[in-house]
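Structure record follows, encoded as structure tokens.
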Amino acid sequence: MNETARTAPAEMPTETSHAGPRPGRPEIVAGLAAYGVLYAGVICYLTHANLPGAASGVVEFSLSAAMGLGAFAVAALLRIRRLAPFGVRRASGRSLLAAIGFGVLAYLLSAIVSLLYQTLTGDHRNIQTGYHSAAAGGMLWYLATAVTGFVATPIGEEFLFRGVLANALSRYGAWISVLVSATIFALAHGINPVLPVAFVVGVINALLLRRTGSVWPGVVVHGVNNGLAISLPVLAALATN
């Protein structure tokens with residue numbers, strides 16, 4: 001063997017080498033199919049559960065978290081069985097701190113686009129009354145709402161819609177990844193005033209995923225947005241009483 005052959009650099013690992021496969025079409029199909037099945041089951045349950053106001057918000061947030069995490073588990077266990085390829089990896093303290101500011105920005109932009117949506121469509125429904133009732137039900141109910149709605153739900157939804165969907169779509173280009181994942185995320189919230197809110201959050205978080213390689217900044221943005229959207233109306237109501 002000559003000197004050139006001995007010192008040549010090792011070949012870069014391919015998608016199916018020891019580095020492991022990246023999320024792709026199988027994960028998209030498995031994750032969204034599982035989410036659809038879980039979603040149908042949750043709708044069926046909530047239709048017949050007849051939960052009181054405060055409890056309904058906490059239960060709905062808990063089920064949202066479970067749907068996201070359950071669908072993510074199906075997608076992750078299909079082939080890859082590792083968390084890092086889905087962006088579930090450490091994020092820097094700087095990116096997490098910046099994500100708090102992006103969460104406030106997401107809330108402000110969401111308020112604007114939701115108002116535009118309501119003005120253009122005449123759809124003024126408030127589909128988050130259960131969440132507000134839970135947050136206004138006293139300190140214990142507020143804490144339960146915070147755990148399920150500001151922490152658990154963002155984790156579940158970010159793992160699925162950014163960790164699986166946006167990551168898998170990245171092979172088709174940045175804008176496909178960002179816009180398509182955000183659109184599907186928005187549609188998963190239904191055709192109502194929350195749809196444009198979810199789209200804004202989806203775009204910001206998909207961009208953060210591309211920038212940092214981690215889902216955790218998006219979890220922070222999502223949590224801050226949910227926290228402000230649920231807490232501020234409750235505080236405003238308390239201030240006027």
Side-chain angles (χ1 to χ4, degrees), residues 23 25-47 56-76 78 86-88 103 106-107 109-111 113-114 117-118 121 123 125-131 148-170 172 175-209 215 218-227 229-230:
R25 189 179 303 172
E27 284 70 34
I28 293 176
V29 173
L32 292 184
Y35 189 82
V37 171
L38 292 170
Y39 191 97
V42 165
I43 293 299
C44 183
Y45 167 73
L46 292 176
T47 301
S56 68
V58 173
V59 170
E60 288 174 23
F61 267 141
S62 300
L63 292 173
S64 294
M67 286 191 300
L69 288 173
F72 170 76
V74 170
L78 182 66
F86 296 96
V88 185
Y107 172 74
L109 291 176
S110 296
V113 296
S114 182
Y117 172 90
Q118 293 177 62
T121 65
D123 183 358
R125 289 175 294 163
N126 181 2
I127 66 167
Q128 298 184 324
T129 53
Y131 302 151
T148 57
F150 311 162
V151 180
T153 292
I155 290 174
E157 293 186 342
E158 291 305 314
F159 275 31
L160 175 63
F161 290 99
R162 254 59 67 184
V164 175
L165 190 57
N167 255 323
L169 289 172
S170 65
Y172 302 111
W175 289 111
I176 294 292
S177 172
V178 171
L179 295 179
V180 173
S181 65
T183 299
I184 294 174
F185 178 60
L187 291 173
H189 287 75
I191 309 298
N192 55 61
V194 176
L195 183 148
V197 174
F199 182 78
V200 169
V201 171
V203 167
I204 290 174
N205 287 354
L207 290 172
L208 284 175
L209 175 66
V215 298
V219 170
V220 173
V221 170
H222 200 147
V224 170
N225 177 78
N226 284 9
I230 301 302

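The residues of the chain are indexed from 1 along the displayed sequence.
When side chains are defined from C-beta on, Val224 does not count as touching Tyr107, because their heavy atoms never get closer than 4.5 Å. Contact of the Tyr45 side chain with the Leu63 side chain is registered, since non-hydrogen atoms from C-beta on lie closer than 4.5 Å. Contact annotation: the side chain of Tyr172 never approaches that of Val180 to less than 4.5 Å [non-hydrogen atoms, C-beta and beyond]. Residues Ile191 and Tyr117 form a side-chain contact, since some pair of their non-hydrogen atoms from C-beta on lies under 4.5 Å apart.
Atom CG of Asn205 sits about 7.5 Å away from atom CZ of Phe185, to the nearest 0.5 Å. Note: Ser170 OG to Leu165 CG = 10.5 Å, rounded to the nearest 0.5 Å. The distance from the OG atom of Ser181 to the CG atom of Leu160 is 10.5 Å, given to the nearest 0.5 Å. The line from CD1 of Ile204 to CG of Leu109 is 5.5 Å long, rounded to the nearest 0.5 Å. In this structure, NE2 in His222 is found 7.0 Å from OG1 in Thr153, a value given to the nearest 0.5 Å. A distance of 10.0 Å separates CG in Leu195 from OG1 in Thr121, rounded to the nearest 0.5 Å.
Looking at every heavy atom in both residues, Val215 comes nearest to Glu158 through CG1-O, 4.3 Å. In plain terms, the two heavy atoms of Val164 and Pro23 that are nearest each other are O-CB, 4.4 Å. Val197 and Pro193 make their closest contact through CG2-O, 3.8 Å (heavy atoms, listed as atom of the first residue, atom of the second, distance). Between Pro154 and Gly149, the shortest heavy-atom contact is CD-O, 3.3 Å. Closest approach of Thr148 to Ser62, counting heavy atoms only: CG2-OG, 3.2 Å. Val74 approaches Ala30 most closely through the heavy-atom pair CG1-O, 3.9 Å.
Using the six-membered ring where Trp is involved, Tyr131 and Phe61 have ring planes that are parallel, under 30° apart on the 30 and 60° scheme. A tilted orientation is assigned to the rings of Tyr39 and Tyr35, their planes being inclined by 30° to 60°.
The closest donor-acceptor contact from the side chain of Asn167 to the backbone of Gly163 lies under 3.5 Å.
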Show your reasoning for whether side chain to side chain contact (heavy atoms under 4.5 Å, CB included) applies to Trp175 and Leu169.
CA-CA 9 Å; Trp175 289 111; Leu169 289 172; over 6 Å; no
Quick one, Glu60 with Ser64, criterion side-chain hydrogen bond (donor to acceptor under 3.5 Å, both in side chains). Give me CA distance, side-chain angles, the key distance, then yes/no.
CA-CA 6 Å; Glu60 288 174 23; Ser64 294; over 6 Å; no
